[in-house]
Amino acid sequence: AQTVTQSQPEMSVQEAETVTLSCTYDTSESNYYLFWYKQPPSRQMILVIRQEAYKQQNATENRFSVNFQKAAKSFSLKISDSQLGDTAMYFCASIYGGSQGNLIFGKGTKLSVKP
Amino acid sequence: EAGVAQSPRYKIIEKRQSVAFWCNPISGHATLYWYQQILGQGPKLLIQFQNNGVVDDSQLPKDRFSAERLKGVDSTLKIQPAKLEDSAVYLCASSLGGRSLYNSPLHFGNGTRLTVT
């Protein structure tokens with residue numbers, strides 16, 4: 001079974017500081033994709049960043065970057081210069097085989113950014 | 001572009017009653033998804049449509065859940081009869097389709113929070 005594990009149910013960080021959210025996944029596939037989604041209280045899931053498994057280079061999107069460790073099956077999200085608007089649930093997700101199908105989500109990490 | 005529209009925003013029903021949720025995807029998006037998100041968990045796919053055809057409904061409890069996308073645009077998800085364990089947020093998402101979700105990522109609506117008492 002395909003699984004995505006987020007081991008930190010809750011985290012907090014001071015405004016302007018850096019925080020890292022952890023994610024591990026399990027797959028036997030060689031072709032897969034990884035994502036981080038943000039879910040604020042509005043409930044809308046918003047794509048933060050995505051990574052192709054065959055790319056060695058870690059993806060970055062402005063203040064968001066990932067540390068993709070393929071051998072360890074680890075895909076952590078680093079948020080730099082944290083802002084109050086970053087307060088949300090963060091979900092790690094994966095999909096296998098380049099399909100349009102079943103995106104598998106972790107249980108999420110609740111991030112609170114404190115002023 | 002307008003986002004994925006969902007209604008209602010909230011719904012409270014008693015167990016054994018029926019309920020329906022509506023979703024209008026982003027214009028031009030061929031693929032539509034319904035996800036169930038139980039409190040404290042990540043979303044779980046219930047059903048996926050490609051235009052008006054079902055691609056994957058393997059996790060849809062078909063004895064009580066049904067969904068349709070008759071004209072390949074908007075979609076309705078129905079629960080009949082509802083159980084207490086159906087209390088969750090129901091998220092609709094859409095994508096252009098035709099490519100992997102990396103190249104054609106999901107766009108989500110704001111969801112419907114269902115409470116079954």
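In what follows, every heavy atom counts, from backbone to side chain, and hydrogens, waters and symmetry copies are set aside. Quick note on labels: first sequence line is chain A, next is B, and so on, each numbered from 1.
Taking a 6.0 Å sphere around CG of B:L39, one finds it holds 12 or fewer heavy atoms contributed by other residues, nucleotides or ligands. In B:R9, the CZ atom is crowded: over 12 heavy atoms of neighbouring residues, nucleotides or ligands sit closer than 6.0 Å. Heavy atoms from other residues, nucleotides or ligands lying under 6.0 Å from NZ of A:K73 number more than 12. Atom NZ of B:K11 has 12 or fewer neighbouring heavy atoms from other residues, nucleotides or ligands inside a 6.0 Å radius. Sparse packing is recorded around CD of A:Q56, with 12 or fewer heavy atoms of other residues, nucleotides or ligands lying under 6.0 Å away. Summarising the local packing, CD1 of A:I46 is surrounded by more than 12 heavy atoms from other residues, nucleotides or ligands at distances under 6.0 Å. Surrounding CD of B:Q59 are more than 12 heavy atoms belonging to other residues, nucleotides or ligands, all under 6.0 Å away. A 6.0 Å sphere centred on CG of B:D63 holds more than 12 heavy atoms belonging to other residues, nucleotides or ligands.
Heavy-atom pairs under 4.5 Å with chain A peak, among B:V89, B:N110, B:L91, at B:N110. Interface check for chain A: of the options B:G111, B:P43, B:G109, the most heavy-atom pairs under 4.5 Å are formed by B:P43. Of the listed residues A:S42, A:P9, A:G108, the one with more heavy-atom pairs under 4.5 angstrom with chain B than any other is A:S42. Among A:R43, A:Q44, A:M45, the residue making the largest number of heavy-atom pairs under 4.5 Å with chain B is A:R43.
For the atom pair CG (B:L106) and CD1 (A:I95), the distance works out to 7.5 Å, reported to the nearest 0.5 Å.
Scanning residues 17-25 of chain A against chain B with a 4.5 Å non-hydrogen threshold yields no residues.
Considering only heavy atoms from C-beta on, A:L103 comes within 4.5 Å of B:Y35 through its side chain.
When heavy atoms are compared at a cutoff of 4.5 Å, B:Q6 does not approach chain A at all. Residue contact with chain A, scored on non-hydrogen atoms closer than 4.5 Å, is absent for B:V55. Heavy atoms closer than 4.5 Å to chain B are found in the backbone of A:Q51, but not in its side chain.
Residue A:F105 is grouped with residue B:Y33 when hydrophobic side chains (ILVMFWY) are merged at heavy-atom distances under 4.5 angstrom, including chains of intermediate members. At a threshold of 4.5 Å between side-chain heavy atoms, the hydrophobic network of Ile, Leu, Val, Met, Phe, Trp and Tyr places B:F21 and B:V116 in one connected group.
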